[in-house]
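Presented below is the structure to which this report refers.
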Amino acid sequence: MSSILTRDELALALGRAGEGDRAAFRRVYDATSAKLLGVTLRILADRQLAEDVLQDTYLTVWRKAGSFDASRASPITWLVTIARNRAIDRLRSGAATRRSTPIDDAFDVADDGPSPAQALETGDDVRRLNDCLGELDDRTGGAIRTAFIEGVTYDALASRENVPLGTMKSWIRRGLMRLRACLES
């Protein structure tokens, strides 16, 4: 069962988890595990691997929750970044080639909360983010959205756009720097 926490409540729970509060950590898990499982499933396309990565993600969260800084990122962004990076690491390790469950089984994953798109559309931060993404050229903004919202790897993006991997990484890095400058202004 998933509980819904506001951004501030989630940030507070992460801070308490960083101090060793197991109940606060449980609240973080209950509020975010379905979404993070969706992120890992989208990248790995294998339920068992996604669940393994989810466990690794929460071990990392437990160890690093004390370093979370709400002034630098929203709590869900911080958590999704950890999950995404863990899933991509697992994908690169070759473990994802041992698929046992088709991606279509992901539709059976229950998530009572709003979809990621609905959750993004509800906040002021998202409005600012969308405004700043709109200031980027279509190619760069699209690459950033695809990489960070859909969970597509840089390598897959480079293949889609038929450009070298280094070029894709440069587009995204430069776009993220412009995005950061826009968000900080």
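Values below: all heavy atoms of this structure, side chains included; hydrogens, waters and symmetry mates excluded. FYI, the numbering just counts along the sequence from 1.
- Evaluation of the ring pair (Phe, Tyr, Trp, His ring centres under 6.0 Å) test over residues 13-38, restricted to residues two or more places apart or in two chains, returns Phe25-Trp62, Tyr29-Tyr58.
- You'll find the side chain of Leu59 reaches within 4.5 Å of the side chain of Arg63, heavy atoms only.
- Crowding of Arg16 atom CZ: a count of heavy atoms from other residues, nucleotides or ligands under 6.0 Å not exceeding 12.
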* **Evaluation steps, side chain to side chain contact (heavy atoms under 4.5 Å, CB included), between Val61 and Trp78** => CA-CA 9 Å; Val61 169; Trp78 187 74; 4.2 Å; yes

For residues 163-184, tabulate all N or O donor-acceptor pairs below 3.5 Å that involve a side-chain atom, not counting sequence neighbours.
{"from": "Ser170", "atom 1": "OG", "to": "Gly166", "atom 2": "O", "distance (Å)": "3.0"}
{"from": "Arg180", "atom 1": "NE", "to": "Glu184", "atom 2": "OE2", "distance (Å)": "3.0"}

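- Glu51 is linked by a salt bridge (charged side-chain N to carboxylate O under 4.0 Å, His left out) to Arg47, counting only residues two or more places apart in sequence or in another chain.
- Rounded to the nearest 0.5 angstrom, Leu44 CG and Arg90 CZ are separated by 7.5 Å.
- At distances below 3.5 Å, at least one donor-acceptor pair connects side-chain atoms of Ser67 with backbone N or O atoms of Lys64.
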* Output, in order, the C-alpha distance, side-chain angles, deciding distance and verdict of side chain to side chain contact (heavy atoms under 4.5 Å, CB included) for Arg84 and Ile43. => CA-CA 8 Å; Arg84 178 183 180 276; Ile43 294 169; 3.8 Å; yes

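- The nearest pair of heavy atoms linking Ala83 to Val53 is O-CG1, 4.1 Å.
- For Thr81, there are no side-chain hydrogen bond (donor to acceptor under 3.5 Å, both in side chains) partners, not counting sequence neighbours.
- Evaluated for a side-chain contact (heavy atoms from CB on, under 4.5 Å) with Ile82, the options Val39, Thr60, Asp56 yield exactly one hit, Thr60.
- Contact detail for Leu157 and Ala143: the closest heavy-atom pair is CD1-O, 3.6 Å.
- Within the model, atoms OG1 of Thr57 and CG of Asp52 stand 10.5 Å from one another, a figure rounded to the nearest 0.5 Å.
- Heavy atoms only, all atoms of each residue included: Ala11 and Pro75 are closest at N-CG, 3.7 Å.
- Annotation: Asp69, atom CG; neighbour count of heavy atoms from other residues, nucleotides and ligands within 6.0 Å is above 12.
- Ala17 and Ala24 get closest at one heavy-atom pair: N-CB, 3.9 Å.
- Note on Phe68 and Leu79: same hydrophobic cluster, where clusters join Ile, Leu, Val, Met, Phe, Trp and Tyr whose side-chain heavy atoms are under 4.5 Å apart, directly or indirectly.
- Under the salt bridge (charged side-chain N to carboxylate O under 4.0 Å, His left out) criterion, Asp89 pairs with no residue, sequence neighbours left out.
- Residues satisfying the ring-ring contact (aromatic ring centres under 6.0 Å, His included) criterion with Tyr154, sequence neighbours excluded, are absent altogether.
- The shortest non-hydrogen separation linking Asp46 to Leu49 is OD1-N, 3.0 Å.
- What you find for Leu14 and Val28 is that their closest heavy atoms are N-CG2, 3.9 Å.
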* Verify side chain to side chain contact (heavy atoms under 4.5 Å, CB included) between Asn130 and Arg145, making sure each step is shown before the conclusion. => CA-CA 10 Å; Asn130 283 331; Arg145 282 185 178 97; 4.2 Å; yes

